Amino acid sequence: MSKLEIKNLKAKIGDKEILKGLDLALEEGKVHVIMGPNGAGKSTLSKAIVGHYDINVTDGKIIFKGKDITNEEPEIRALEGLFLSFQHPVEIPGVNNAYFLRTAVNAKRRYEGKEELNAAEFLREMREIAKEIGLKPELLNRSLNVGFSGGEKKRNEVLQMMMLKPDVIILDEIDSGLDIDALKDVSKGINKLRDGKRSFLIITHYSRILDYVKPDYIHILMDGKVVKTAGPELVEKLEKEGYSSFEEK
Amino acid sequence: MRVDILNALDSNGILKECKASSLKKHIANRLYEVKIPTKKSEKYRYFDIEDFTSKDLEVVSTSKDKFKQQGKSLVIEDGEVVSAPEGVEVEIGEFLDVDNDHFDGLYYLNHLLTQNAIILRVKRDISFNIKHIFNKEEVFLNYRVVIFIDANSFVEIYESIEANSKDSQILSGYDIFLSRDANLKFFKNQTLNENSSLPIFTNYFKVDSNATFKYGTFDFAKSSGLNLFKSELHSNSSFNAMHLLFTTSEIKAGTISEIVHLDKSSKSNQMAKNILTNGSRGIFDALIRVTKAAKYTSAHQNSKAILLDSKSYMASKPQLEIYIDELEASHGSTTGQLDENALFYLRSRGINKAEAVKMLILAFANEAIEFVDNKEIANHIYVDFEKAYYGSSDIECIKTCHECEDMILGS
Ligand SMILES: Nc1ncnc2c1ncn2[C@@H]1O[C@H](COP(=O)(O)OP(=O)(O)OP(=O)(O)O)[C@@H](O)[C@H]1O
Ligand SMILES: [Mg+2]
């Protein structure tokens, strides 16, 4: 059964059509990988899924856990269990990182009818995870992403992912610009959340992360469409031949 | 009295009408030159000053000189000192030594109508509060406070207002003389309830050589009000100002100021942050003038405004007037909406839109509130901000107070 289904999705940014009838289905418990050339529409797809205001969906449907969420508010999508780790996480001066995260975690708990975490419980869990993924503890008490290095921002996205425990996780170039230790830490976080139920969509340009996170499916996205879906063996072919052989005639 | 009639009189006529002693002739002369502001006055253009100057109200001033001296607060109720802080000399008396070059006509009017100023002499390191209470209805409350701060003293003042009255207008202000090497921190919290009397504070600050003045004004008012000041900087002195304005109803409020660098190596830094909603108008009309003698000065000025609806309006006018080359200066002004990208990021983590907006506004305000380096005072200001925003404050610590987060996270 698929957790997230994208049917014939067409989307514009401004006047420009970026997604041109894209189909994709994420299976329960599986790791899907999207690869594709720069500007193909990978980030656009991920933003469309979480309801970013830049993206104007003109046709098609996004079905999440059986519900049509194509026109849903972004916070509802998140509360329902969607998570996007952004390619470029935004810096927000004056919003304390830990305070932000606690607000988010408790918003989700309330939505699920659970009791809010008290400060001590929250801080314990946050610190533990931060340590696990090598996020410097002082970053927890700084303004959200402000002045964080590229790698620190990505680790902070992973921290949020691990605290929020979403059902479908989209990682847009989580591995770009990471040093080898950071890549291992981030992969550890991802693998820890693999429980046979959660689905992952990893957008990447490099096979490197796939040495640590074993994928189930590889999709190739070109010019606003998924043009090929296959098993992990596709990566090797890609590395050798590049994208040109997948171009639609 | 109706004060706008003074514009038709010569200085003798002004003196007489204000029932001022002839020793104040120089003040009347200045008012004659500068005039009572009208809606045509450049600096008052965005404020309905005629509501203030055209009402015929009975003038109420300081007259009593009996008060208790105890605790750490100067409490002024309807212009009368009811208690004065220990460690500060307080006297009720005539004050003539006004600024002869002030831009504001109301500054001179205020002095002319003040027979007895409240004069404070601070001769040692001290921290105290000033509280203004307005109770009387339908009067023109007029009084002034003069503060002399001795050389080398470290002084911190927290000013707040309790406005209980309606339909009155208040004209007040400070003349502050900061002696050489003195250090003053002055934090003003002007938070008024709905339909409160209209206060205008018009001030003069003299910052002598090597002195340092940190001036923060915080206005989360639901009623209109104005704070004007001129700050005069002597050699090697420094003046650092932060103004936070947050308005939630259809009012007009803000800051009108002139910072004058009179001598070399003086530093000024002025920052205004404004959050406007519900058709309110924010005013920031601020001039920094660097005179010929003020070589090697630095002067920085910036105004940022966030408009939360299309009816609100920010009248922001930062100005630099420079007569020399050897200096470091900058100014800027931005007006806009909340950062959409930031808003989306918060929402994409499950935080609903209203809450996300609040977080971003608090963040914008925090930067200004952090200017207050005294935790206790900063907390008062947080609470008033929260009340203005949420309608109430439940500083249930961990939820809102960053200091507590710090403590827990740091432990
Ligand atoms: N805000 C925007 N305004 C206008 N055009 C945009 C905007 N964002 C993206 N685009 C355009 O949409 C197209 C797809 O961009 P997208 O970011 O989805 O590509 P991508 O596949 O993620 O590429 P990369 O591998 O470089 O991250 C590009 O041509 C890009 O220039
Ligand atoms: Mg991209």
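Quick caveat: nothing in here was measured; it's all calculated off a predicted structure. A, B, ... follow the sequence lines: proteins, then strands. Residue 1 opens every chain.
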Sole candidate of Leu226(B), Thr217(B), Leu228(B), Ile161(B) that passes side chain to side chain contact (heavy atoms under 4.5 Å, CB included) when paired with Phe201(B) =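 Per the side chain to side chain contact (heavy atoms under 4.5 Å, CB included) rule, the option paired with Phe201(B) is Ile161(B), out of Leu226(B), Thr217(B), Leu228(B), Ile161(B).
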
ask   = So which of Ile351(B), Leu346(B), Asn352(B), Leu360(B) has the biggest tally of heavy-atom pairs under 4.5 Å with chain A?
value =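 Winner by heavy-atom pair count: Ile351(B).
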
ask   = When heavy-atom pairs shorter than 4.5 Å are enumerated against chain A, which of Ser348(B), Gly350(B), Ala356(B), Ala365(B) gives the highest number?
value =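 Most heavy-atom pairs under 4.5 Å with chain A: Gly350(B).
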
task = Verify the distance criterion only: is there a donor paired with an acceptor across the side chains of Tyr215(B) and Gln270(B) at less than 3.5 Å?
result =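 The answer is no; no qualifying pair exists.
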
request  = Verify the distance criterion only: is there a donor paired with an acceptor across the side chains of Asn189(B) and Asp384(B) at less than 3.5 Å?
outcome  =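 A pair is found: one side chain offers a donor N or O, the other an acceptor, under 3.5 Å apart.
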
Contacting moiety of [X], where chain B heavy atoms sit under 4.5 Å:
X: Leu101(A); value: neither
X: Asn106(A); value: neither
X: Pro166(A); value: neither

message = Is the positively charged end of Arg349(B) above the ring of Tyr345(B), judged by distance under 6.0 angstrom from the centroid and angle within 45° of the axis?
response =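 Ring-cation test returns yes.
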
inquiry  = Does any backbone or side-chain atom of Glu355(B) lie under 4.5 Å from a heavy atom of chain A? Answer side chain, backbone, both or neither.
reply    =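 For Glu355(B), the side chain is the part near chain A, not the backbone.
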
inquiry  = Determine whether Phe83(A) and Phe200(A) satisfy the following criterion, ring pair (Phe, Tyr, Trp, His ring centres under 6.0 Å), listing intermediate values before the conclusion.
reply    = CA-CA 10 Å; Phe83(A) 181 91; Phe200(A) 293 81; over 10 Å; no

query = Which class fits the ring pair Phe205(B) and Phe239(B): parallel under 30°, tilted 30 to 60°, perpendicular over 60°?
reply =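 Plane angle between 30° and 60°, so tilted.
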
Chain B contacts, top residue of [options] (heavy-atom pairs, under 4.5 Å):
options: Glu157(A), Lys108(A), Glu80(A); result: Glu157(A)
options: Glu91(A), Glu138(A), Arg77(A), Glu73(A); result: Glu73(A)
options: Thr103(A), Leu82(A), Val50(A); result: Thr103(A)

